[in-house]
Amino acid sequence: MPVTTHITNVPVTVDEDKCIAHKGCTVCVDVCPLDVLAIDMIKGKAYMKFDECWYCMPCEKDCPTGAVHVDIPYLLR
Ligand code: SF4
Ligand code: SF4
């Protein structure tokens, strides 16, 4: 069984190769009105800490490297 640090079936995912949180970026965490995103201090990457989302999108739009992907449920599109 593969062991993962974070839940992977959450609506917001972060491409860790693109995320520059290790360089001090916290944009997605700052713009999220629900405070569901966080920075993993050990990895230096952003991730979805709580599985809750308004699909308001600033995290994806404002990420300077395009690392955030919000998976909008079909019924909300
Ligand atoms: S805004 Fe983008 S680069 Fe910055 S911490 Fe969030 S995912 Fe990483
Ligand atoms: S879409 Fe909105 S509520 Fe969901 S994680 Fe991004 S900023 Fe937060």
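We count ligands from 1, going down the list as the structure has it; atoms in each ligand are counted the same way. Since this is a predicted model, take the numbers as computed values, not measurements. All residue numbers in this chain count up from 1 along the given sequence.
Within the model, atoms CG of Asp62 and SG of Cys32 stand 11.5 Å from one another, a figure rounded to the nearest 0.5 Å. With values rounded to the nearest 0.5 angstrom, Lys23 atom NZ is found 9.5 Å from Thr65 atom OG1.
Taking hydrophobic clusters as Ile, Leu, Val, Met, Phe, Trp and Tyr residues chained together by side-chain heavy-atom distances below 4.5 Å, Val31 does not share a cluster with Tyr55. Clustering ILVMFWY residues whenever any of their side-chain heavy atoms sit less than 4.5 angstrom apart, transitively, puts Met41 in the very cluster that holds Met48.
Taking atom 6 (Fe) of ligand 2 as the reference point, the nearest protein heavy-atom neighbour is Cys59 SG, 2.3 Å. Atom 2 (Fe) of ligand 2 has as its closest protein heavy atom Cys56 SG, 2.3 Å.
Heavy-atom proximity to Pro58, at under 4.0 Å, picks out these atoms of ligand 2: 7 (S). Of all atoms in ligand 2, listed by their number and element, those nearer than 4.0 Å to a heavy atom of Val12 are 5 (S). Using a 4.0 Å cut-off to heavy atoms of Cys32, the atoms of ligand 2 that qualify are 3 (S), 5 (S), 7 (S), 8 (Fe). Numbered from 1 in the order shown, with element, the atoms of ligand 2 that lie under 4.0 Å from a heavy atom of Cys53 read 1 (S), 3 (S), 4 (Fe), 5 (S). The atoms of ligand 2 that sit less than 4.0 Å from any heavy atom of Trp54 are 3 (S), 4 (Fe). Residue Pro33 has at least one heavy-atom neighbour below 4.0 Å for each of these atoms of ligand 2: 7 (S). Short contacts between ligand 2 and Val36, defined as distances under 4.0 Å to a heavy atom of the residue, involve ligand atoms 5 (S).
For the residue pair Asp17 and Asp15, the shortest heavy atom distance occurs at N-OD1, 2.9 Å. Taking all atoms of both residues into account, the shortest heavy-atom contact from Thr26 to Ile39 is CG2-CG1, 4.2 Å. The two atoms that bring Glu60 and Val70 nearest to each other are OE1-N, 2.7 Å, heavy atoms only. Ile20 approaches Pro64 most closely through the heavy-atom pair CD1-CG, 4.3 Å. Among all heavy-atom pairs drawn from Lys45 and Ala21, the shortest one is CA-CB, 3.9 Å. Closest of all the heavy-atom pairs between Cys59 and Leu37 is CB-CD1, 3.7 Å.
Using a 4.0 Å cut-off between heavy atoms, Met57 contacts ligand 2 through its backbone alone, with no side-chain atom that close.
At a threshold of 4.5 Å between non-hydrogen side-chain atoms, the residues Cys63 and Val27 do not count as touching.
Looking only at protein N/O/S atoms, the ones less than 2.8 Å from atom 8 (Fe) of ligand 1 make 1 in total.
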